[in-house]
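Structure first, commentary second.
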Amino acid sequence: MLVLFDIVIIGAGPAGGSAALFAAKAGKKTLLVDSDKSMTKRAWMENHYGIMEISGPDLIETGKKQAAKFGAELVTDQVTNIVKGEQGLTVETAEKGSFEAKHVILATGALVDLAEKAGVATKAGTEPRIKTVVDVDAQGKTNVAGIWAAGTVAGVSVHTIITSGDGAKVAINVISELNGERYVDHDVLKTN
């Protein structure tokens with residue numbers, strides 16, 4: 001019997017890592033599947049608010065640790081397909097088998113092949129060197145029920161601060177849909 005995840009996020013770059021952090025912190029059963037091929041792995045950032053400077057690999061590793069801190073499960077594998085499953089969507093991987101999900105967030109950067117294979121509509125991209133993106137509405141929903149997209153693959157700027165925010169936004173929208181009411185995650189400074 002397959003474990004049913006509330007949310008499976010594909011891609012652990014800034015958008016996917018941020019989505020996983022918000023989903024796990026909200027108490028949702030969260031799986032983050034990453035192929036370890038993020039374009040952020042080649043980045044150096046001095047324009048990410050709140051961070052003086054950081055390498056792409058360090059940013060990704062920190063994001064994974066944050067998501068894991070709140071209970072997200074992490075799997076390194078290549079997702080090969082997303083199909084309609086018994087309880088929602090089945091995420092198939094190359095080596096680790098299949099995972100059932102109520103919702104899937106695509107955070108696959110510049111790669112739309114998986115989205116297209118799953119029947120998700122795409123359109124021309126507007127960023128330099130990003131030829132095709134997933135067609136999403138303002139919430140991050142695609143034309144396939146239960147499949148959402150965030151970050152560069154959803155047509156937002158390739159800058160990590162922007163894709164991180166978009167991942168958070170889409171995760172909040174998925175969490176809100178799961179909860180049946182608008183979800184807000186706002187921590188308060190702890191005082192003595």
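- Closest of all the heavy-atom pairs between Gly155 and Thr126 is O-OG1, 4.5 Å.
- Rounding to the nearest 0.5 Å places CD of Glu73 at 6.0 Å from CG of Leu31.
- The salt bridge (charged side-chain N to carboxylate O under 4.0 Å, His left out) with Asp34 is formed by just one residue from the set Lys41, Lys64, Lys96; it is Lys64.
- Screening residues 164-180 for salt bridge (Lys or Arg N to Asp or Glu O under 4.0 Å), with sequence neighbours left out, gives Lys141-Glu177, Asp166-Lys169.
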- Task: Please lay out, stage by stage, how Glu92 and Ser98 fare under the test side chain to side chain donor-acceptor pair (under 3.5 Å).
- Result: CA-CA 4 Å; Glu92 300 171 352; Ser98 297; 4.9 Å; no
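- A donor-acceptor pair under 3.5 Å links the side-chain atoms of Asn143 to the main chain of Gly119, judged by distance alone.
- At least one donor-acceptor pair under 3.5 Å links the side chain of Ser176 to the backbone N or O of Tyr183.
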- Message: As a quick check of understanding, evaluate side-chain contact (heavy atoms from CB on, under 4.5 Å) for Ile7 and Ile105, giving each step before the final call.
- Response: CA-CA 7 Å; Ile7 306 171; Ile105 299 174; 3.9 Å; yes
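- A donor-acceptor contact shorter than 3.5 Å links the side chain of Ser55 to the backbone of Asp58.
- Surrounding NE2 of His48 are more than 12 heavy atoms belonging to other residues, nucleotides or ligands, all under 6.0 Å away.
- In this structure, the separation between NZ on Lys37 and CZ on Arg42 is 12.0 Å, given to the nearest 0.5 Å.
- In this structure, Lys29 does not pair ionically with Asp6, as no charged nitrogen and carboxylate oxygen lie closer than 4.0 Å.
- Remark: the backbone N or O of Lys28 is paired with a side-chain donor or acceptor of Thr30 at under 3.5 angstrom.
- Taking each heavy atom of Leu74 and Ala68 in turn, the nearest pair found is CD1-CB, 4.2 Å.
- By the rule that hydrophobic residues join a cluster once side-chain heavy atoms approach within less than 4.5 Å of another member, Leu89 and Val83 end up as members of separate clusters.
- Taking 4.5 Å as the limit, every side-chain heavy atom of Lys84 sits out of range of all side-chain heavy atoms of Thr90.
- Between the Ser18 side chain and the Ala15 main chain, no donor and acceptor come within less than 3.5 Å of each other.
- In the hydrophobic cluster analysis, where Ile, Leu, Val, Met, Phe, Trp and Tyr join through side-chain heavy atoms closer than 4.5 angstrom, Val112 is grouped together with Ile82.
- How far CD of Glu95 is from OG1 of Thr93: 7.5 Å, rounded to the nearest 0.5 Å.
- The side-chain heavy atoms of Ile162 and Thr160, taken from C-beta on, include no pair separated by under 4.5 Å.
- Between the side chain of Asp135 and the main chain of Lys123, no donor-acceptor pair closer than 3.5 Å is present.
- Rounding to the nearest 0.5 angstrom, the gap separating the CD1 atom in Ile147 from the CD1 atom in Ile10 is 7.5 Å.
- Leu178 and Phe5 fall into different hydrophobic clusters, where Ile, Leu, Val, Met, Phe, Trp and Tyr are joined by side-chain heavy atoms under 4.5 Å apart, directly or via other members.
- Counting heavy atoms from C-beta on, the side chains of Val133 and Thr152 never come closer than 4.5 Å.
- Closest of all the heavy-atom pairs between Ala150 and Gly167 is CB-CA, 3.8 Å.
- Within 6.0 Å of the CZ atom in Arg182, the count of heavy atoms belonging to other residues, nucleotides or ligands exceeds 12.
- Tyr49 contributes atom OH, which lies 14.0 Å from atom OG of Ser164 (distance to the nearest 0.5 angstrom).
- Residues Val8 and Leu21 do not share a hydrophobic cluster, clusters being chains of Ile/Leu/Val/Met/Phe/Trp/Tyr side chains in contact below 4.5 Å.
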- Steps toward side-chain contact (heavy atoms from CB on, under 4.5 Å) verdict (Glu116, Leu111): CA-CA 10 Å; Glu116 290 174 335; Leu111 306 175; over 6 Å; no
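- The backbone N or O of Trp148 lies less than 3.5 Å from no partner atom in the side chain of Thr142, so there is not a single donor-acceptor pair.
- The shortest non-hydrogen separation linking Val134 to Ala149 is CG1-CB, 3.8 Å.
- Counting heavy atoms from C-beta on, the side chains of Val33 and Ile9 never come closer than 4.5 Å.
- Listed here is the closest heavy atom pair of Ala118 and Val144: O-CG2, 3.9 Å.
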- Yes or no on side-chain contact (heavy atoms from CB on, under 4.5 Å) for Thr163 and Val158, after CA distance, side-chain angles and deciding distance? CA-CA 7 Å; Thr163 59; Val158 298; 5.7 Å; no
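- Between Met45 and Ile51, every side-chain heavy-atom pair lies at or beyond the 4.5 Å cut-off.
- No continuous path of hydrophobic side-chain contacts links Val170 to Ile60 [ILVMFWY only; heavy atoms under 4.5 Å].
- For the atom pair CG (Asn47) and CD1 (Ile161), the distance works out to 8.0 Å, reported to the nearest 0.5 Å.
- Looking at every heavy atom in both residues, Gln139 comes nearest to Asn173 through O-ND2, 2.9 Å.
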